Engineer: 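Encoded as structure tokens, here's the structure I'll be asking about.
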Amino acid sequence: MHSLSRRHWLAGWASGLGAWALLFLAVPAQADGVDLLAQFVKQARSGRADFTQVVTSPSRAGQTPRSKTSSGSFEFQRPGKFRFDYRKPFVQTLVADGQTLWMHDVDLNQVTARKQQQVLGATPVALLTAGTDLQSLKADFQFSPEPARDGLEWVRATPLAADGQIRAVMVGLRATPLGPELAVLDVQDSLGQRSVLTFSAFQLNPALPASQFVFKAPAGADILRP
């Protein structure tokens with residue numbers, strides 16, 4: 001797959017990519033999705049999870065929408081550090097070190113580096129890893145509860161910037177006796193592409209080594225700085 005198409009396909013990572021579940025936290029009675037998301041943002045200082053991502057392109061006249069599935073692992077540490085390791089269908093690595101977002105295409109041995117602040121903005125990854133509380137995220141998002149379905153409480157996060165790449169993010173959380181658990185991120189972008197991430201094997205506040213969020217380009221890799 002051409003490197004440009006790979007990067008376009010991985011736009012759904014912002015899809016961004018993802019963090020997780022508020023295990024071991026008391027859930028208030030009648031808590032809606034906004035309440036549960038507020039708990040997650042406040043309490044989850046770091047996290048680790050496996051993910052499956054399905055990216056569906058918008059349908060065209062006479063054609064069936066096409067979907068692509070990928071999977072891997074995700075780690076984050078607030079504020080603003082995260083790592084996506086895609087394992088299937090091909091190996092890709094995304095690392096945000098707080099200043100720079102690095103994308104490594106292993107097959108092509110090509111690295112793309114962008115300023116993190118300019119790239120992330122009002123994206124799902126920023127939503128889940130940048131803020132220290134829900135109030136701090138209201139500078140970029142409007143939050144509203146959605147009706148419960150599929151055994152989950154939902155909250156819609158709508159970017160305030162009208163010209164951004166993301167149209168809306170639906171966050172699905174599961175209320176459990178031990179605490180709310182982040183289950184789904186459903187992202188719709190401005191081009192009509194939909195990316196749905198589901199999470200499993202989540203670990204809340206693990207001790208993550210600083211090296212997980214340091215990227216070193218492999219020897220001989222082409223480094224692009226668009």
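The chain is numbered in sequence order, starting from 1. Because the structure is a prediction, the values reported are computed rather than measured.
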Engineer: To the nearest 0.5 angstrom, please state how far the OG1 atom of Thr129 sits from the CZ atom of Arg78.
Structural biologist: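 Result: 6.5 Å between the selected atoms.
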Engineer: I want to check something: taking the side chain as every heavy atom from C-beta on, are Leu185 and Val169 in contact at a cut-off of under 4.5 Å?
Structural biologist: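 Yes, close enough: below the 4.5 Å cut-off.
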Engineer: Using the side-chain contact (heavy atoms from CB on, under 4.5 Å) criterion, which residues pair with Ala96? Sequence neighbours excluded.
Structural biologist: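 Listed in chain order: Phe82, Leu101, Gln116.
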Engineer: Are any non-hydrogen side-chain atoms of Leu37 and Leu134 less than 4.5 angstrom apart?
Structural biologist: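 Yes, close enough: below the 4.5 Å cut-off.
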Engineer: With sequence neighbours excluded, what pairs up with Arg87 under the side-chain hydrogen bond (donor to acceptor under 3.5 Å, both in side chains) test?
Structural biologist: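 Ser73.
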Engineer: Once rounded to the nearest 0.5 Å, what's the spacing between atom CZ of Phe74 and atom CG of Leu197?
Structural biologist: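 Rounded to the nearest 0.5 Å, the CZ-CG separation comes out at 9.5 Å.
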Engineer: Any pair with a residue in residues 141-160 that passes salt bridge (charged side-chain N to carboxylate O under 4.0 Å, His left out), sequence neighbours left out, goes on the list, sorted by first then second residue, please.
Structural biologist: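 Qualifying pairs: Glu146-Arg156.
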Engineer: As an exercise, state the distance from NE2 of His104 to CZ of Phe215, rounded to the nearest 0.5 Å.
Structural biologist: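 Answer rounded to 0.5 Å: 5.5 Å.
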Engineer: State, to 0.1 Å, how close Gly33 and Leu173 come at their nearest heavy-atom pair, and which atoms those are.
Structural biologist: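 Scanning both residues, the minimum pair turns out to be O-CD1, 3.8 Å.
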Engineer: On a heavy-atom basis, which atom in Asp32 and which in Asp35 lie closest, and how many Å separate them?
Structural biologist: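 So the minimum-distance heavy-atom pair works out to OD1-N, 3.0 Å.
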Engineer: Do Asp140 side-chain atoms and Leu137 backbone N/O form a donor-acceptor pair below 3.5 Å?
Structural biologist: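 Not at all, since once roles are kept as given, no pair shorter than 3.5 Å links the two residues.
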Engineer: Would you give the length of the straight line joining atom OG of Ser71 to atom CG of Asp50, rounded to the nearest 0.5 angstrom?
Structural biologist: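 Going from OG on Ser71 over to CG on Asp50, the span is 8.5 Å.
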Engineer: How would you list all residue pairs meeting side chain to side chain donor-acceptor pair (under 3.5 Å) that involve residues 207-226, not counting sequence neighbours?
Structural biologist: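 As it turns out, the side chain to side chain donor-acceptor pair (under 3.5 Å) pairs with a partner in residues 207-226, which skip direct neighbours, are Glu75-Gln212.
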Engineer: Run the side-chain hydrogen bond (donor to acceptor under 3.5 Å, both in side chains) test against Thr56 and tell me which residues pass, sequence neighbours left out.
Structural biologist: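 side-chain hydrogen bond (donor to acceptor under 3.5 Å, both in side chains) check on Thr56 returns Ser67.
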Engineer: Can you see which heavy atom on Tyr86 is nearest to which on Gln53, and at what distance?
Structural biologist: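 Shortest heavy-atom separation between Tyr86 and Gln53 comes out as OH-OE1, 2.7 Å.
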Engineer: Below 4.5 Å, heavy atoms only, C-beta onward: do Lys115 and Thr100 meet side chain to side chain?
Structural biologist: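 Result no, sub-4.5 Å side-chain heavy-atom pair not found.
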Engineer: With side-chain contact (heavy atoms from CB on, under 4.5 Å) as the criterion, how do Gln193 and Val55 come out once you've worked through the C-alpha distance, each side chain's angles and the decisive distance to 0.1 Å?
Structural biologist: CA-CA 7 Å; Gln193 180 174 264; Val55 178; 3.4 Å; yes
Engineer: To the nearest 0.5 Å, what is the distance between OG on Ser46 and CG on Leu204?
Structural biologist: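 Reported to 0.5 Å precision, the distance equals 7.0 Å.
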Engineer: Let me confirm one number: the CD-CG distance from Gln203 to Leu208, rounded to the nearest 0.5 Å.
Structural biologist: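 Rounded to the nearest 0.5 Å, the CD-CG separation comes out at 8.5 Å.
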Engineer: Restricting to side-chain hydrogen bond (donor to acceptor under 3.5 Å, both in side chains), what partner residues turn up for Gln188, sequence neighbours left out?
Structural biologist: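 For Gln188, no residue satisfies side-chain hydrogen bond (donor to acceptor under 3.5 Å, both in side chains) once neighbours in sequence are set aside.
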Engineer: Identify the two heavy atoms, one from Ala139 and one from Leu160, that lie closest to each other, and give their separation to 0.1 Å.
Structural biologist: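 For Ala139 versus Leu160, the nearest heavy atoms are O-CD1, 3.5 Å.
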Engineer: Got more than 12 heavy atoms from elsewhere within 6.0 Å of CZ, Arg66?
Structural biologist: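 No, CZ of Arg66 has 12 or fewer neighbouring heavy atoms, counting only those of other groups under 6.0 Å.
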Engineer: Quick one: does Val41's side chain get under 4.5 Å of Thr132's, heavy atoms only?
Structural biologist: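 Counting from C-beta outward, Val41 and Thr132 never come under 4.5 Å.
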Engineer: In the structure I gave you, are the side-chain heavy atoms of Phe76 and Arg48 within less than 4.5 Å of one another anywhere?
Structural biologist: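 When only atoms from C-beta onward are counted, Arg48 and Phe76 do not touch, as no gap falls below 4.5 Å.
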Engineer: Quick one: are Arg194 and Asp189 in side-chain contact, heavy atoms under 4.5 Å?
Structural biologist: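 Not in contact.
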Engineer: Look at the aromatic rings of Phe84 and Phe51 and report parallel, tilted or perpendicular, splitting at 30° and 60°.
Structural biologist: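 Because their plane-to-plane angle is over 60°, the rings of Phe84 and Phe51 count as perpendicular.
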Engineer: Do the side chains of Asp97 and Val214 get nearer than 4.5 Å, heavy atoms only?
Structural biologist: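 Of all side-chain heavy-atom pairs linking Asp97 with Val214, none is under 4.5 Å.
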Engineer: Please report the shortest heavy-atom distance between Val111 and Ala221, naming the atom on each side.
Structural biologist: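 What the structure gives for the nearest pair is CG2-CB, 4.1 Å.
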Engineer: Mind listing the closest non-hydrogen atom pair of Pro124 and Ile166 along with its distance?
Structural biologist: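 Where Pro124 meets Ile166 most closely, the heavy atoms are CD-CG1, 4.2 Å.
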Engineer: Tell me whether Met103 shares a hydrophobic cluster with Val119, the cluster being built from Ile, Leu, Val, Met, Phe, Trp, Tyr side chains joined at under 4.5 Å.
Structural biologist: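 Yes: a chain of side-chain contacts under 4.5 Å links Met103 to Val119.
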Engineer: Hydrophobic cluster membership, with links at side-chain heavy-atom distances under 4.5 Å among I/L/V/M/F/W/Y: are Met170 and Val187 in one?
Structural biologist: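 Unlinked, Met170 and Val187 end up in two clusters.
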Engineer: Are the side chains of Gln77 and Arg45 in touch, meaning some heavy atoms are under 4.5 Å apart?
Structural biologist: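 No, too far: nothing below the 4.5 Å cut-off.
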Engineer: Taking side-chain contact (heavy atoms from CB on, under 4.5 Å) as the criterion, tell me which of Thr158, Val155, Val171 meets it with Phe143.
Structural biologist: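 For Phe143, the side-chain contact (heavy atoms from CB on, under 4.5 Å) check succeeds only for Val155.
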